[in-house]
2 protein chains.
Amino acid sequence: MKLELQIKMNPSLYLRDPEQSELGKNIIKHSIQIIHDNGFEAFTFKKLAESIGTTEAGVYRYFENKHKLLVYIISWYWGWIQFQLNYQTNNIKDPIVKLKKVITLLSTNVEDDITTGHVDESQLHQILISEGSKAYLTNHVGKDNKQEFFKPYKELCNSVGEIILECNPKYKYPHSLASTIIEMAHLQNFFMNHLPSLTDFSKSKNESEIIKYLEDLVFNTIRI
Amino acid sequence: MKLELQIKMNPSLYLRDPEQSELGKNIIKHSIQIIHDNGFEAFTFKKLAESIGTTEAGVYRYFENKHKLLVYIISWYWGWIQFQLNYQTNNIKDPIVKLKKVITLLSTNVEDDITTGHVDESQLHQILISEGSKAYLTNHVGKDNKQEFFKPYKELCNSVGEIILECNPKYKYPHSLASTIIEMAHLQNFFMNHLPSLTDFSKSKNESEIIKYLEDLVFNTIRI
DNA sequence: TATTTATGATAGTAATACTATTATTTAAAA
DNA sequence: TTTTAAATAATAGTATTACTATCATAAATA
C-alpha cells in the first residue's frame, strides 16, 4: 500500500479540484516550478499551459486567476508545515525542545518529500521566502480572509503560539511572537541571500545562523 | 525664508528628476494618493496620468516603469525616516531612550509634515505597511541592489543596529534585529488591521500596543 | 448505448505596459 | 529680442496579459 499525504484544501480556492486529475496535478507541479524559477510576477497562465502542454483555457477551468493559484500552493505549504510540526513534536514533552524544533522546521529548506508526488517542497519553501507575503499583501485581504484563505497560516500561528505559552504561560504576545518567528524565518533568509547587509550572517549563508538568531531572539524574549 | 526638506534621491531611479518641476511633483503626489487608495497592483500610469491631467507618455518621461516609481517613493520614505531618526535622537545620550524613540518612530503613523509640500507622509506610511516589501521581493533584487536602490533602507538598518550595539555592545545580531524591528513595526500593523488573529492586540487597534510588543521583544533580547 | 464530463483547439476582448511621432508651449541662451 | 533648445501635450500604435466564449472530441459513467 502506497501512503499518500493529502492536505485538505479550501474549495473556494479552486474551480475544479486539482488533486483529482492528472491535468490538475500537472498545473500544481508546473506552477511551483515556474514561480520558483521566474517569480510570481513573471508567471502567466499562458506560460504554465505551454509548459504542461495544454491550453490557457484548460488552466482557467481549475483556477479563476493566478492569485488564487498562488494562495492555493501557499496554503498547501502551510498545511504541510502544520503536519510536519504535529508529527515532529509529537511525544515531545519539553516545550523548549518543541519550540526549537519549530524554529528549525520553519527555517530549514527541506528535502523534497516523496510522499507528495507532484509537489516539490524544497521549491515551495523557496517560493514562500520570496512570494509568501504576496498572498495577503493585497487590496482584497479582507475578502480573501472572509473566505478563509489564510486559515492554514492562522492555525500554524496558533499552534506556535500555544507552544510559546507552554514555555512561559505569562508571556503576553504569543501570537505576535509566533507570526514574527514565521515571517522572520523566511525574511532573514531572503535578506541573507539578497541583501546580506540587513543581517549578521556570514558569507557562508547557512540557515543554521538564522536558527541561532531566532532561538536567541525567542528564548530571551520569553525569558528562558 | 521657507524651509524645505530635500531628500537626496538616487538618480538611477528616475529619467527626469520629479523634484524639479510641477509635473514631477504632481506625479509623486498623485502616485502616493492612488497607491494608498487602491494598492500598487491596481496602480497604472494611465490612471495616474488621468488623475494629474497629463498623458501616459508624460509620466513615462519621468519614470521608466511603475516599479521604479514605487522604489522611488519608498526610498524617499526611508530617507525621511532617517532624517527624523537623526533629528529626534540628536543630543540624547541614553541609548535605551534612543532605541525606544526609534521603535516609536517606526511604528507610528505620523501627521502629514508641512515641510514636504507634495508628499503626504501619513499616506506614505500606510503604503509602506502594505507595499514596502514589494520593492525588494522581486526577481530582479540583485540588479536593483547593484544600482543601490535599497541604500536608504540599508543605512537606516545600520543606524538602528548601531543604537542596538550602544545598548549592548556584545549583542551578536544587531543588523538582523534592526531589520526585524523595521519590518515588524509594519507587518504587525498590517496584521492588526487585516488578520488580527496573527497578533495579540486588542480590538482598539492601537499602535501603542505594537510599540509595547516591540519594546518587550527588543529589550529582552538584548537583555536590558 | 446514451449521456454526461473533461479536455483540446481556436477566437476574441479589454486592459496593461510600454514606444514612437509630431505639434505646441515654455524657458534659457545668444 | 530673437533664436534655440527643452519640456509637454496629443495621438497612435504594439505586444502581452488576463481573461471569456464557443465548439468539437475523447473518455468515463449510467
Side-chain angles (χ1 to χ4, degrees), chain A residues 9 11-31 34-35 37-73 118 131 134-135 138-140 143-144, chain B residues 11-31 33-35 37-73 118 131 134-135 138-140 143-144:
Chain A
M9 300 298 297
S12 310
L13 286 171
Y14 52 77
L15 298 169
R16 205 196 295 302
D17 184 356
E19 300 276 353
Q20 300 303 317
S21 73
E22 272 314 300
L23 178 57
K25 284 178 193 167
N26 266 321
I27 288 173
I28 301 307
K29 184 178 178 171
H30 287 80
S31 295
I34 297 172
I35 296 173
D37 292 352
N38 313 315
F40 183 63
E41 268 66 56
F43 168 76
T44 70
F45 277 6
K46 199 178 183 184
K47 280 181 203 162
L48 173 60
E50 271 162 22
S51 143
I52 298 169
T54 182
T55 57
E56 240 182 311
V59 178
Y60 275 105
R61 258 180 240 118
Y62 281 83
F63 289 97
E64 227 179 300
N65 54 54
K66 69 173 191 165
H67 181 256
K68 285 199 177 176
L69 176 42
L70 179 70
V71 175
Y72 180 95
I73 62 170
H118 54 298
E131 323 290 346
K134 294 173 190 169
T138 66
N139 229 22
H140 45 87
K143 265 188 214 167
D144 288 0
Chain B
S12 311
L13 285 171
Y14 51 76
L15 298 169
R16 207 195 295 304
D17 184 356
E19 299 277 351
Q20 300 303 314
S21 74
E22 273 313 301
L23 178 57
K25 283 177 192 166
N26 266 321
I27 288 173
I28 301 306
K29 185 178 177 171
H30 287 79
S31 295
Q33 185 84 251
I34 298 172
I35 296 173
D37 292 352
N38 313 315
F40 182 63
E41 267 67 55
F43 168 75
T44 70
F45 277 7
K46 199 177 184 185
K47 280 181 203 162
L48 173 60
E50 271 163 23
S51 144
I52 298 170
T54 182
T55 56
E56 239 183 312
V59 179
Y60 276 105
R61 253 179 256 116
Y62 282 81
F63 290 96
E64 226 179 300
N65 54 53
K66 70 174 191 165
H67 181 256
K68 284 199 177 176
L69 176 43
L70 179 70
V71 175
Y72 179 95
I73 63 170
H118 55 296
E131 323 288 347
K134 293 174 192 171
T138 66
N139 228 23
H140 44 86
K143 267 189 212 167
D144 288 1

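Protein chains get the first letters and strands the later ones, always in sequence-line order, with residue 1 at the start of each.
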Study note, to complete from the structure: Between the CD atom in B:Glu50 and the OG1 atom in B:Thr55, the distance rounded to the nearest 0.5 Å is 10.5 Å

Study note, to complete from the structure: OH (A:Tyr14) and CD1 (A:Ile27) are apart, to the nearest 0.5 Å, by 13.0 Å

Exercise for review: Rounded to the nearest angstrom, tell me the gap between atom NZ in A:Lys66 and atom P in D:dA18.
Suggested key: 5 Å

Protein and nucleotides 6-12 of chain D: nitrogen or oxygen contacts under 3.5 angstrom:
{"from": "D:dA7", "atom 1": "OP2", "to": "B:Arg16", "atom 2": "NH1", "distance (Å)": "3.1"}
{"from": "D:dT8", "atom 1": "OP1", "to": "B:Tyr62", "atom 2": "OH", "distance (Å)": "3.1"}
{"from": "D:dT8", "atom 1": "OP2", "to": "B:Arg16", "atom 2": "NE", "distance (Å)": "3.4"}
{"from": "D:dT8", "atom 1": "OP2", "to": "B:Tyr62", "atom 2": "OH", "distance (Å)": "3.0"}
{"from": "D:dA9", "atom 1": "OP2", "to": "B:Thr54", "atom 2": "OG1", "distance (Å)": "2.7"}
{"from": "D:dA9", "atom 1": "N7", "to": "B:Arg61", "atom 2": "NH2", "distance (Å)": "3.0"}

Check your understanding: Tell me: CG of A:Asp17 to C1' of C:dT5, nearest whole Å?
Key -> 15 Å

Check your understanding: Between B:Lys46 and C:dA17, is there a side-chain N or O to OP1/OP2 distance below 4.0 Å?
Key -> no

Check your understanding: Rounded to whole angstrom units, what separation is found between the NE2 atom of A:His67 and the C1' atom of D:dA18?
Key -> 15 Å

Review point. How many Å lie between OH on A:Tyr60 and C1' on C:dG12, as a whole number?
Key: 14 Å

Revision key, fill the gap. Separation of C:dT7 atom P from A:Leu15 atom CG, nearest Å, is 13 Å

Exercise for review: Could you pull out all residues at least two apart from A:Thr54 that satisfy side chain to side chain contact (heavy atoms under 4.5 Å, CB included)?
Suggested key: A:Leu23, A:Ala49, A:Ile52, A:Val59

Throw together a table of side-chain donor-acceptor distances under 3.5 angstrom for residues 62-72 of chain B, partners on residues two or more places apart or in other chains.
{"from": "B:Tyr62", "atom 1": "OH", "to": "B:Ser21", "atom 2": "OG", "distance (Å)": "2.5"}
{"from": "B:Glu64", "atom 1": "OE1", "to": "B:Lys68", "atom 2": "NZ", "distance (Å)": "2.8"}
{"from": "B:Asn65", "atom 1": "OD1", "to": "B:His67", "atom 2": "N", "distance (Å)": "3.2"}
{"from": "B:Asn65", "atom 1": "OD1", "to": "B:Lys68", "atom 2": "N", "distance (Å)": "2.9"}
{"from": "B:Lys66", "atom 1": "NZ", "to": "B:Phe40", "atom 2": "O", "distance (Å)": "3.1"}
{"from": "B:Lys66", "atom 1": "NZ", "to": "B:Glu41", "atom 2": "O", "distance (Å)": "3.3"}
{"from": "B:Lys66", "atom 1": "NZ", "to": "B:Phe43", "atom 2": "O", "distance (Å)": "3.0"}
{"from": "B:His67", "atom 1": "NE2", "to": "B:Ala135", "atom 2": "O", "distance (Å)": "3.2"}

Practice item. Please report, rounded to the nearest Å, how far the P atom of D:dA18 is from the CD atom of B:Glu41. Key: 11 Å

Exercise for review: Answer yes or no: does atom NZ of B:Lys47 have more than 12 heavy-atom neighbours from other residues, nucleotides or ligands under 6.0 Å?
Suggested key: yes

Exercise for review: Give the rounded distance in Å between these two atoms: CD of B:Gln20 and C1' of C:dA28.
Suggested key: 15 Å

**Study point:** Closest approach of A:Asn139 to B:Gly39 (non-hydrogen atoms, all atoms of both residues)
**Key:** OD1-N, 3.9 Å

Check your understanding: Atom CZ of A:Phe40 to atom C1' of D:dA18: distance rounded to whole Å?
Key -> 12 Å

